[in-house]
Each structure stands twice: as structure tokens, then as C-alpha cells.
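Everything below concerns the one structure shown next.
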Amino acid sequence: MSSTILIFHLLKRLEATLATNEQSFVNKLWDFFCSLKLTLFLLFSLALTSIIGTILPQGAVPPEYIAQISPTKFQIYSKLGFFDMYHSWWFITLLYVFSLNLVCCSIKRLPHVFKFISEPILVLGESARNSHPLKKELKYSGSIEKGKERLVQFLQNEFSTPVITEQNNEFHLFAQKTAWCRLGVYVVHFSILVIFIGAIIGSLVGYKGYVAIVEGTSVNSIDGKNGQKIPLGFEVLCEKFNVEFYSTGAPKEFRSILTILENGKPVPGFSKIKVIVNEPLTYKGMTFYQSSYGQASEGGEHTITVTPRNGGTAEKFVVHEGESKTLKDGTTFTVLEATPEVRQFAPGFSGPAARVQVTRKGAEPQIFVVFKNYPDVNAARGDALVFGYEGTDAKQYTGLQVAKDPGVWVVWLGCALMVIGISVAFFMSHKRVWVVVSPGHIRMYGNASKNQAAFLMQFEELSAKFQELKI
Amino acid sequence: MTSSMLFNVTTFTYLISMIVFFAFLASKNKTLGITGSFIAYAGLAVQTVAIALRWKESYDMGVGHAPMSNLYESIVFFSWTIILIFAYIDIRYKYRIVGAFVVPFALLGMAWAQLGMNTGIEPLVPALQSNWLLYHVITCFLGYAAFAVACGISIMYLIKAVVESTDSSTPAGGLMSMFPPLRVLDDLNYRAIMIGFPLLTLGIITGAAWANYAWGTYWSWDPKETWSLIVWFVYAAFLHARITKGWVGKRAAWLSVIGFAATIFCYLGVNLFLSGLHSYGSSKM
Ligand code: HEM
């Protein structure tokens with residue numbers, strides 16, 4: 001019997017120990033996630049690990065890079081997710097722990113802050129008074145009742161309306177300004193979570209893609225990231241594409257003229273819209289950004305003329321890019337590439353040009369550029385055959401980046417909150433003034449949460465006026 | 001008169017200012033301190049005119065744009081912002097000697113730009129033809145400049161801390177008596193970062209807004225973007241370290257120096273060593 005009691009007793013003890021252990025374990029975990037040490041650890045970890053992705057190539061790893069490093073290294077890096085590190089499990093985990101740290105820390109501290117704001121210290125205790133850095137004392141011989149009234153008036157005029165407490169035959173006046181600015185830091189922290197939420201929305205329901213549209217044609221779908229076609233639900237027509245250059249040959253403007261078609265008809269207000277870099281077109285939440293261009297290779301034909309230098313009639317050839325033609329004398333030529341505007345490659349020249357390779361019978365191949373607008377340059381080569389370029393009927397295409405991101409407004413909201421929160425946290429301060437009216441003297445104390453130097457000046461100004469009070 | 005001449009005058013003025021500040025350090029003559037500050041302000045005024053003139057010159061050339069579009073123009077602007085933030089701290093807190101540790105940064109920038117770089121005005125490539133460029137560059141560089149000032153102050157802190165701990169016998173005399181007390185340096189460091197951090201935050205946000213506007217993505221983990229975030233993390237760590245026990249003083253000063261090193265890497269290192277969308281002068285659209 002006694003042994004059963006003993007066992008029962010022991011079990012009870014065990015249970016209690018387990019419970020307290022569990023309790024203390026949960027407490028420890030909670031403290032861990034609330035701690036600022038964890039915050040520092042996370043901030044340093046994020047800063048240090050982020051460096052990896054700025055050194056190693058991200059996304060599609062170029063073959064030249066793989067050739068450079070050893071296969072084991074490549075394997076290790078791939079396993080660790082270093083080639084897409086900002087989306088790797090460990091980086092995302094760091095961000096989750098970061099968010100958890102923020103949430104726990106705020107849950108722990110916010111109630112205290114609210115209490116601090118809503119239930120301020122109305123009466124400064126004796127020890128707090130003695131150790132207070134900012135204080136001013138006045139001799140006073142009148143009744144404390146009258147002194148109180150006069151000082152309430154004074155604080156009302158010079159600082160803010162005080163709360164009055166009577167205690168131990170003393171009057172305690174308390175006045176404060178902008179107590180709410182203590183919440184600024186929490187707005188900053190909250191804003192980080194809002195930005196994360198916006199990013200998550202974007203990654204869940206937004207997408208990015210690319211589309212190339214040949215001049216004069218339209219498309220009704222775009223290429224998604226993984227190569228799948230994403231239907232647009234409307235059509236985009238490229239009316240025209242144009243590049244302009246500075247005289248130095250540097251590009252000045254890439255310009256697409258786009259029209260949105262619904263059921264084959266132009267949408268009013270979305271007809272012949274100019275889209276250039278830094279000026280995209282947005283329709284139904286989808287934004288089209290100018291990103292690249294080129295010559296549509298299919299079907300484009302180039303007209304090349306060949307004239308014997310010693311007189312004789314010019315012969316015309318119509319060829320595709322990469323196609324070879326053989327002349328009567330056995331000379332072969334190939335159009336290697338062509339451009340409608342040569343300026344970016346050859347400053348000082350403009351207009352269409354083609355790079356051709358000419359192989360005279362029994363001789364080494366020669367490669368040179370022929371210009372449409374500069375036949376003299378073509379002739380100046382001094383060869384027996386003068387090549388000319390008359391241009392092409394090849395169409396250009398415009399390359400457009402397409403993006404849809406409904407989360408972006410949440411991100412901007414977060415950014416706005418962050419800027420507001422930081423401004424409040426850094427540039428505003430919770431200022432408090434206590435006045436104790438006792439028989440024989442009046443004492444004033446001050447405190448500010450931020451920017452002590454500025455408050456010191458304000459307090460001194462207040463003290464000077466306080467000193468001048470005729471009471 | 002051309003902007004280029006005025007930039008040379010600016011460089012020379014900052015050189016004189018620095019020399020006067022060093023003389024102030026050596027002689028403890030108060031007038032020299034005030035003179036050093038005023039010479040720096042004069043340089044700032046000349047540089048302001050020069051930047052405005054260069055802006056106008058670009059319009060006269062028919063390629064008008066704000067002078068912040070390539071490495072040369074950005075480093076000139078960086079020097080200007082450093083002296084501007086220094087002037088603010090100098091007027092507000094009146095610790096003149098800080099100039100001896102901050103003006104050299106601006107001088108270094110100007111000397112490098114004037115002596116080692118192509119100073120020609122170039123037309124803007126399409127990617128930079130946006131008003132966002134202005135907002136983005138101004139906020140970023142004002143932030144960087146505040147971090148430069150904080151770094152100068154932290155170097156003063158570290159020097160003073162080391163000297164005081166090695167020869168405690170002469171606390172009153174010596175060069176160190178010219179330095180503000182450690183407590184004040186620590187506080188100034190914090191204040192400079194309190195200016196820089198919101199500006200860097202704005203710089204990153206305007207950059208994201210521009211990227212979203214021009215490319216449809218507010219964040220693409222481009223090396224420059226990532227490095228600006230790394231800098232931001234370091235200074236966020238600095239701010240939180242202050243409210244943790246044991247992280248003020250020396251450690252905070254080191255953190256500020258590390259933060260500025262990261263800032264410089266973000267500004268120059270990324271362009272020199274890493275590739276990305278931000279490389280100035282690349283013909284990417
Ligand atoms: C895990 C994440 C974070 C946690 C747990 C955390 C926690 C805290 C805490 C407890 C404070 C002190 C509040 C007080 O004065 O009582 C604080 C201040 C602050 N935090 Fe955070 N924080 C985090 C991340 C960040 C980040 C990423 C930023 C970046 C903007 C930030 C900005 C600030 C600012 C500006 C202050 C005010 C510092 C000052 O007054 O000097 N926090 N944070």
C-alpha cells in the first residue's frame with residue numbers, strides 16, 4: 001500500500017518536473033525568438049550570405065563558368081543552392097526566422113509601449129527625482145494651491161496641458177508631447193512584414209514573360225519563364241519599331257509603336273502608343289517594357305549589286321542572310337549579317353549596311369562591310385568588283401518584357417510605412433515634463449526619448465521662463 | 001569660364017581646407033579650425049556652381065541631362081554631398097576637428113575624378129533617360145555621404161580610444177585633447193548614421209520604384225541592388241547593436257567603418273569587379 005502511494009507520489013513529481021521543464025523550454029524558445037541578439041545574428045547572416053549571389057552567377061549558369069570550376073565544386077555549389085541562392089531553402093528560412101523574430105519581439109514589447117503611453121508616470125518618486133539629469137528649482141513661499149494653478153497655466157501656455165495629482169501635501173503636474181512617436185519603430189518593423197507579404201503575393205499570382213513581335217504583326221500570347229505560352233486574352237500589334245542613334249553611335253532611343261486589339265479591333269486610348277525604355281505600356285494589369293530588338297530572320301531578303309570596275313552593267317542579287325551566290329567568273333559571296341542602321345557599329349556612317357564575305361576563285365576569302373548610303377566607300381576598296389548594298393525587305397521585331405505583379409502595391413505600401421516609421425522613430429521625440437509644487441519650493445524635471453541635445457535647449461528655455469514667473 | 005575649371009578650383013580648395021585642418025590639429029589654434037571650415041564651405045559653393053554649369057553645358061551641347069550619369073559625374077557629386085553633410089554636422093554640433101577626417105574623403109574623390117577620369121559630357125543611354133535617375137542618385141549619395149562622415153568620426157573614435165588606453169598618463173595634453181570626448185564621438189557617429197540610414201532607405205526604394213517602372217521588376221537581386229541591401233543590413237545591425245548591452249563605443253565604431261567599406265564596395269567595387277545592370281556606360285538598354 002505504501003509503495004503504491006510512493007509510486008503515485010513519484011509519478012506526480014515527475015509530471016510536475018516535466019511540466020516545468022516544458023514550461024521553461026517554451027519560455028526559452030520564446031525568449032530566443034524575442035532576443036535582439038538573434039536580430040543581430042540574422043542581420044549579419046543575411047548580409048554575409050547575400051554576398052555569395054553577387055559573386056557566383058545566378059539562374060542559368062553559363063557553360064564557360066562550369067568549364068572554369070571543378071566538377072566537385074560545381075556539385076557542391078548546386079547542392080547548396082548557390083546558383084539560385086536568394087530562393088534557396090536556407091536563405092528563405094533565414095527570412096522566415098527574421099520575420100518570426102520581428103513578430104515575437106513586437107508581441108512582447110508592444111503592450112509595454114501602449115501602457116507606457118496610456119498610463120504615464122504621473123508622479124516622480126524621490127529617487128527618480130534625485131537622479132534626474134534635467135531639473136530646475138525655484139524658491140516659493142505662497143500657498144501650494146495657488147502655485148499649482150499658476151503652473152498649470154504656465155505649462156498649458158508653454159508646453160502642453162498637464163495632469164494633476166495630489167500626494168503627500170504636494171502637487172504633481174505631468175505634461176507630455178508626442179508620446180505616440182514611440183510607436184514609430186514598430187511601424188518600421190511592421191512595414192518589413194508588409195513588404196514580405198507583397199513579395200509573396202507577387203511570387204504566387206504574378207508572372208513575367210517575354211514576347212517578340214515582328215513589325216506589322218500581332219501576338220495573343222507571351223512566353224513564360226519556363227517556356228510555356230501564357231495567353232493574354234487580347235492582342236498586341238507592333239505597328240513599327242525604330243532605333244535612333246546619337247552621332248557618337250551610342251543608342252538614343254528604342255521605340256515601338258504598339259496597338260492593343262480586342263476582338264481584332266483597336267481599343268480606344270490604346271492605339272499607336274509609343275513604348276520606349278523607361279516608358280512602358282500597361283493594359284489590364286499587364287505591363288509591356290521595351291527590352292530588345294532585332295531583325296526577323298525569316299523571309300528577309302537582301303539586295304546586293306555587283307559592278308565590274310572596268311565598266312559594265314551592275315548585276316543584282318537577292319539573297320537571304322547566310323546564303324551564298326556564285327558569280328559568272330566563279331567568285332562566291334555570302335551576306336554574313338546586315339543591319340538597318342550601322343551607326344552603332346561604325347560611328348560616322350549611317351543607314352543600312354551588310355557584312356559580306358567574298359571569295360574570288362583561287363584566293364583567300366575577304367570580309368568587308370558595304371554601305372547603302374556610301375557607294376564611294378564601297379568603290380574605294382579598289383577591287384575588280386564593286387559591291388553595293390541596296391537594303392532589305394526584312395522586318396524588324398521588337399522584344400518586350402511582360403510583367404504582371406498584383407503584389408507591387410502592397411510592396412509600395414510597405415515602403416511608405418517604412419519611410420514614415422523611420423522618420424517618426426528618428427526625428428520625433430517623446431518629451432515629458434514634471435513639476436512638483438511643495439511647500440517652500442517648486443521643482444521642474446524634463447525627459448526626452450530622442451535627441452537629448454535639442455530637448456536640453458528647449459528645457460533651458462522653459463526653465464528661463466519658469467524662473468521669471470512672478471509668483 | 002567652364003565647369004571643368006571650376007572643378008579644378010574646387011579640388012584645390014578642398015586641398016587647402018584639409019591642410020588648414022591638419023594645421024589646426026597640430027597647433028590647436030581655434031582660428032585655424034574656423035578657417036578650415038570656411039574654406040570647405042567656399043569649395044562647396046564653387047562646386048555647386050560648377051555642377052550647375054556642367055548641367056547647363058550639357059544642354060548647350062544638345063544632350064541635356066543632370067550631371068549624375070557616369071562614374072566621373074557621380075564621384076564629383078559624391079564629393080559634393082560629403083561636404084554638404086559635413087557642413088550640416090559642423091554647423092549643428094561645432095566640433096571643427098571632424099573636418100580633418102572628413103574633408104580628405106571629398107578631396108580624394110575630386111582628385112581622382114579630375115586627374116584620372118574622362119571628364120567629357122556624354123549623351124544619356126536610353127536606360128538612364130528618366131527623372132527617377134535624379135531622385136535615386138541624390139538620395140543614395142546623400143546617404144553614402146552621411147556614412148562617409150560617420151566613418152571619419154569613427155576613425156577619430158578608434159584613434160582616441162587606442163591612444164587613451166595606451167598612455168593614460170597624459171589625458172589632458174597631446175593631440176588627443178583636440179578630439180571631442182569619446183562619448184561625444186560615439187554620439188556623433190550615431191547621429192550621422194541617423195541621417196544616412198533614412199536616405200539610403202529612400203535610395204533603395206526609389207531604385208526599386210525605377211526598376212519596376214522601367215523593367216517591370218522592383219527587385220531582381222542584381223549585384224548592385226544586393227550590395228545596397230547588404231549595406232542596409234549592416235547599418236540596421238548598427239542601430240540595433242546600440243540598444244543591446246556592450247555594443248556601444250569601439251564595436252559601434254568598427255561597425256560604422258565596416259559599413260562604409262561595404263558602401264564603397266557597393267558604389268565602386270560592384271562596377272569594377274562584378275557585372276550587372278548598373279555598370280555605368282554599358283550600352284545595355
Ligand atoms: C528580426 C528583426 C528585427 C527585430 C526583432 C527588431 C527589434 C527591434 C527592437 C526591439 C528595437 C528597439 C525598440 C525600442 O527602442 O524599444 C528596434 C529598433 C529599431 N529597429 Fe528593429 N528589429 C528588427 C529588424 C529591423 C530592421 C530590418 C530594420 C530596418 C529598417 C529595423 C529598424 C529599426 C529602427 C530604425 C529602430 C530604432 C533604433 C533607434 O532608435 O536607434 N529593425 N528594433
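In what follows, every chain begins at residue 1, and chains take the letters A, B, ... in the order their sequences are listed.
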salt_bridge(Lys56(B), Asp60(B)) N-O dist < 4.0 Å: yes
Ala262(B) portion near chain A, given a 4.5 angstrom heavy-atom threshold: neither
Short N-O contact, Asp187(B) and Arg183(B), less than 4.0 angstrom: no
Top of Val411(A), Val419(A), Val402(A) for chain B proximity - count of heavy-atom pairs under 4.5 angstrom: Val411(A)
Which atoms of Leu46(A) approach chain B - backbone, side chain, both or neither, heavy atom under 4.5 Å: both
Portion of Asp405(A) that has a non-hydrogen atom of chain B nearer than 4.5 angstrom: side chain
Gln452(A), part contacting chain B, at a heavy-atom distance under 4.5 Å: backbone
From CD (Gln401(A)) to CH2 (Trp215(B)), nearest 0.5 Å: 10.5 Å
Which portion of Lys404(A) sits near chain B, non-hydrogen atoms under 4.5 angstrom: neither
For the student: nearest non-hydrogen atoms of Ser35(A) and Leu38(A), plus distance: OG-N, 3.1 Å
Most contacts with chain B, counted as non-hydrogen pairs under 4.5 angstrom, among Phe427(A), Trp412(A), Phe44(A): Trp412(A)
N-O pairing of Asp186(B) and Arg242(B) below 4.0 Å: yes
Sub-4.5 Å side-chain heavy-atom contact between Met428(A) and Lys450(A): no
Phe91(A)-Phe82(A) aromatic ring centre distance below 6.0 Å: no
Largest heavy-atom contact set with chain B, pairs under 4.5 Å, which of Ile51(A), Thr287(A), Leu48(A): Ile51(A)
Portion of Ile258(B) that has a non-hydrogen atom of chain A nearer than 4.5 angstrom: neither
